[in-house]
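Each residue takes its place number in the sequence, starting with 1.
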Amino acid sequence: MRKGAKAAIVGSVFTVMVGGAGYGVFNIVSALNEDSGGGTETVKTGPPSKDEIAEVSEKFFAAWEKGQAEAAGGLTNNAAPATTLISDYRATAHITGLKITPGTATGATVPFSVKATVSFQGKSKPLAYTSGLTIVRGTTTGRALVDWKPSVVHPGLKAVGDSLVTGEAGSPPIEAVDRDGKVLTKEKYPSLGPILDTLRARYGDKAGGRPGIELMVRHADTNIADTSLVTLAEGTPGKLETTLSASAQAAAEKAVLKFSESSVVAVQPSTGEVLAVANHRKDQFNAAFEGTLAPGSTMKIVTAAMLIDNGVTSMNGPAPCTPTAVWKSQTFSNLKGMAPNESATLANDFLRSCNTGFIKLIDGTEANPLTDESLTTEAQERFGLGRDDWKTGITSFDGSVPASPGPDRAANAIGQGQVQMSPLNMASVTATAITGEFRQPYLVSPDLDKRQLATAKGLPASTSAQLKEMMRMTATQGTATQAMAGLSGDIGAKTGSAEVDGQTKSNSWFTGFRGDIAAAAMTQEGGHGGDAAGPIVAAVLRTGG
């Protein structure tokens with residue numbers, strides 16, 4: 001074997017070792033390169049000192065500014081990926097003229113601002129952003145090192161494998177418009193940002209546009225669309241028509257800002273078209289469409305439908321609301337302060353959200369028995385839930401209502417246990433309940449890409465009429481009264497709160513309708529349904545009628 005070939009193989013093996021070593025890689029490199037003659041240096045311990053923090057961050061910034069990727073990477077606790085990303089900063093992102101200005105350190109964290117230039121094929125644009133790094137103590141040599149994260153290079157790099165790339169965009173730009181032709185932008189509707197990126201990735205080529213040249217974040221997760229950072233040469237946008245309503249979207253955006261970790265969806269019951277989708281979350285996750293959380297008592301819409309459709313009871317039939325109810329050795333209770341009512345009807349339990357009244361009925365009657373599969377069947381066949389076949393135009397969750405034995409059968413009936421929903425699912429549940437027809441929600445017309453929308457047989461007219469009336473009662477004399485106050489026209493609602501292990505407060509759920517608009521919202525740790533999610537839904541419902 002030639003020396004060169006052998007050296008290359010050894011180098012490859014060492015690279016794998018470094019890449020897999022992670023924390024403390026710099027220490028291995030340093031140990032191999034240090035002068036080993038004489039004495040043993042004491043390894044430092046404890047947090048890095050103020051002087052160490054200043055020295056290492058300054059050296060890192062200087063090496064990065066000069067394009068010395070190996071030197072900069074060697075000052076981190078994960079040299080291999082750091083070196084690659086910093087090298088690619090010039091090589092693939094085509095960023096030059098880098099100037100880094102450190103801010104005032106807070107403990108071991110050093111904020112900094114970046115000014116540079118992106119240049120590609122004769123086109124140049126300025127680049128400016130802020131980021132930060134933290135200095136930690138290396139575990140092997142005790143050296144002060146930059147705690148490596150991709151976001152050090154740019155805050156848009158959130159995961160290992162994300163990269164900065166400048167070149168022709170993967171998809172042509174789009175001009176997304178609402179149902180009336182009004183342009184929808186990230187600037188005017190901030191929570192639509194990730195959704196518009198996804199729509200561009202999926203439909204940019206179908207909308208007739210031509211790609212431009214951009215600096216973008218290319219995500220390691222191929223399900224996430226490239227994030228455009230700087231446009232060097234404008235492409236030609238194609239017009240993409242969505243089902244959104246600019247007025248409903250504006251109301252949704254404003255409403256979720258009042259409660260952290262909130263999401264809302266509005267749909268048009270007569271068509272299934274999505275009118276608004278908004279999220280106010282730290283993680284930018286589209287929980288409105290993709291959330292997978294227990295929906296609390298909003299699930300009682302589906303449970304009530306199951307009881308009516310299976311002949312167990314009707315809205316005016318008996319459903320005693322007792323202080324507690326036992327199912328399979330597990331005791332269930334109601335919200336604190338709820339007075340028992342042995343003469344309650346299903347409608348009365350629904351409007352007050354009495355858990356025990358529902359749980360006492362989930363076994364059915366001797367003439368009309370229910371099984372572990374009854375709620376699952378109702379959800380799938382009547383409401384189109386839990387079959388993994390919705391095609392909304394972007395990624396969405398279809399809900400999950402598994403057949404559950406034991407105590408979870410009772411818990412599922414009141415929206416706890418193993419049931420999982422998103423606000424999109426619950427908005428659809430309300431739309432199905434009040435029209436009797438399941439119309440799969442969608443954001444982009446299926447005609448654009450020949451998608452087959454999901455179907456379900458919907459509800460008998462009598463069941464739909466009873467559900468709608470019970471929701472009306474809840475909005476005017478039940479748990480949703482305060483949140484729905486001031487709304488005119490034909491209105492209805494259902495509240496929900498879902499307890500989650502490890503949380504001090506329950507998740508707040510609320511779904512309602514007004515005329516031909518149905519909406520649902522969820523606020524994590526928002527408390528009772530009417531406290532947080534209720535006002536969000538009401539704000540969106542005010543835009544329709």
Side-chain angles (χ1 to χ4, degrees), residues 263-267 269 293-308 315 319 321 334-335 338 344-355 357-359 361 375 378-379 382-383 385 399 401 412-416 419 421-436 459 463-485 487 490-498 506-515 517-523 526-538 540-541:
S263 302
V264 64
V265 174
V267 301
L293 293 169
S297 289
T298 57
M299 185 65 188
K300 289 173 183 172
I301 299 172
V302 180
T303 305
M306 174 193 70
L307 296 172
I308 296 169
M315 66 173 285
C321 180
N334 299 313
L335 287 176
M338 181 176 292
T345 63
L346 182 67
N348 184 263
D349 287 348
F350 190 96
L351 70 88
R352 291 203 304 158
S353 207
C354 174
N355 293 332
F358 278 81
I359 289 170
L361 294 174
L375 188 62
E378 185 76 18
R382 301 290 190 180
F383 291 88
L385 296 166
V401 188
N412 287 357
I414 57 173
Q416 297 276 180
V419 173
M421 295 288 169
S422 69
L424 175 69
N425 303 143
M426 294 316 304
S428 177
V429 164
T430 292
T432 302
I434 66 173
T435 64
L459 296 163
T463 303
S464 174
Q466 292 179 71
L467 293 176
K468 190 171 187 179
E469 185 59 28
M470 287 191 289
M471 293 185 73
R472 286 172 176 147
M473 294 169 67
T474 305
T476 57
Q477 53 186 289
T479 56
T481 304
Q482 185 174 347
M484 297 290 281
L487 286 173
D490 188 16
I491 61 172
K494 184 70 191 81
T495 58
S497 58
S506 60
N507 291 340
S508 174
W509 284 82
F510 194 100
T511 184
F513 69 87
R514 178 174 179 243
I517 180 171
M522 181 275 298
T523 299
H528 295 152
D531 294 346
I536 295 173
V537 168
V540 177
L541 293 181

| Is any side-chain heavy atom of Arg514 less than 4.5 Å from a side-chain heavy atom of Val537? | no

| task | Would you name the heavy atoms of Thr523 and Ala533 that are closest together and state the gap between them? | result | OG1-N, 3.9 Å

| request: Measure the CG-CG distance between Leu307 and Leu375 for me, rounded to the nearest 0.5 Å. | output: 9.0 Å

| said: For Cys321 versus Met338, what's the shortest heavy-atom pair and its separation? | reply: SG-SD, 4.0 Å

| request: Only counting residues at least two apart or in another chain, list the ones meeting side-chain hydrogen bond (donor to acceptor under 3.5 Å, both in side chains) with Thr474. | output: none

| Residues Thr345 and Asn348: side-chain donor-acceptor under 3.5 angstrom | no

| Would you say Thr298's side chain and Gly496's backbone share a donor-acceptor pair under 3.5 angstrom? | no

| task | Check for a donor-acceptor pair, side chain of Thr481 on one end and backbone N or O of Gly478 on the other, with a separation under 3.5 Å. | result | yes

| request: State which residues pass salt bridge (Lys or Arg N to Asp or Glu O under 4.0 Å) with Arg352; sequence neighbours excluded, sorted by chain then number. | output: none

| task | Please name the pair of heavy atoms, one in Ala379 and one in Val401, separated by the smallest distance, quoted to 0.1 Å. | result | CB-CG2, 3.7 Å

| field | Sidechain N-carboxylate O distance under 4.0 Å for Asp349, Lys300 | value | no

| said: Tell me whether Asn355 contacts the main-chain N or O of Asn334 through its side chain, where contact means a donor paired with an acceptor under 3.5 Å. | reply: no

| task | Calculate, to the nearest 0.5 Å, the distance between atoms CG and CD1 belonging to Leu541 and Ile536 respectively. | result | 12.0 Å

| Is there a donor-acceptor pair under 3.5 Å between the side chain of Thr432 and the backbone N or O of Ser428? | yes

| Where do Arg472 and Phe513 come nearest, in terms of heavy atoms and distance? | CG-CZ, 4.0 Å

| request: Could you give me the CA-CA distance, side-chain angles and deciding distance for Asn425 and Ser422, then say whether side chain to side chain donor-acceptor pair (under 3.5 Å) is met? | output: CA-CA 5 Å; Asn425 303 143; Ser422 69; 3.0 Å; yes

| Is a donor on one side and an acceptor on the other found under 3.5 Å between the side chain of Trp509 and the backbone of Ala520? | no

| What is the distance from atom CD of Gln482 to atom OG1 of Thr495, rounded to the nearest 0.5 Å? | 12.0 Å

| In Å, rounded to the nearest 0.5 Å, how long is the span from OG of Ser497 to NE2 of His528? | 5.5 Å

| request: Identify the two heavy atoms, one from Gly530 and one from Ala483, that lie closest to each other, and give their separation to 0.1 Å. | output: O-CB, 4.2 Å

| query | So do the side chains of Leu346 and Ile308 get within less than 4.5 Å of each other, counting heavy atoms only? | reply | yes

| Between CD of Gln466 and OG1 of Thr463, what distance do you get to the nearest 0.5 Å? | 6.0 Å

| request: Quick one: do Met426 and Met522 satisfy side chain to side chain contact (heavy atoms under 4.5 Å, CB included)? Show the steps, please. | output: CA-CA 10 Å; Met426 294 316 304; Met522 181 275 298; over 6 Å; no

| said: Please evaluate residues Phe510 and Met484 with respect to the criterion side chain to side chain contact (heavy atoms under 4.5 Å, CB included), reporting the C-alpha separation (whole Å), side-chain torsions for both, the decisive distance (0.1 Å), and the verdict. | reply: CA-CA 11 Å; Phe510 194 100; Met484 297 290 281; 3.9 Å; yes

| query | Which heavy-atom pair separates Ser508 from Gly526 by the least distance, and what is that distance? | reply | CB-C, 3.7 Å

| field | Euclidean distance, Ile301 CD1 relative to Lys494 NZ, rounded to 0.5 Å | value | 7.5 Å

| said: Counting only heavy atoms not in Gln477 (residues, nucleotides, ligands), do more than 12 fall under 6.0 Å from its CD? | reply: yes

| task | Report the C-alpha separation of Thr430 and Thr511 in whole Å, then their side-chain angles, then the decisive distance to 0.1 Å, and conclude whether the side chain to side chain donor-acceptor pair (under 3.5 Å) test is met. | result | CA-CA 7 Å; Thr430 292; Thr511 184; 2.6 Å; yes

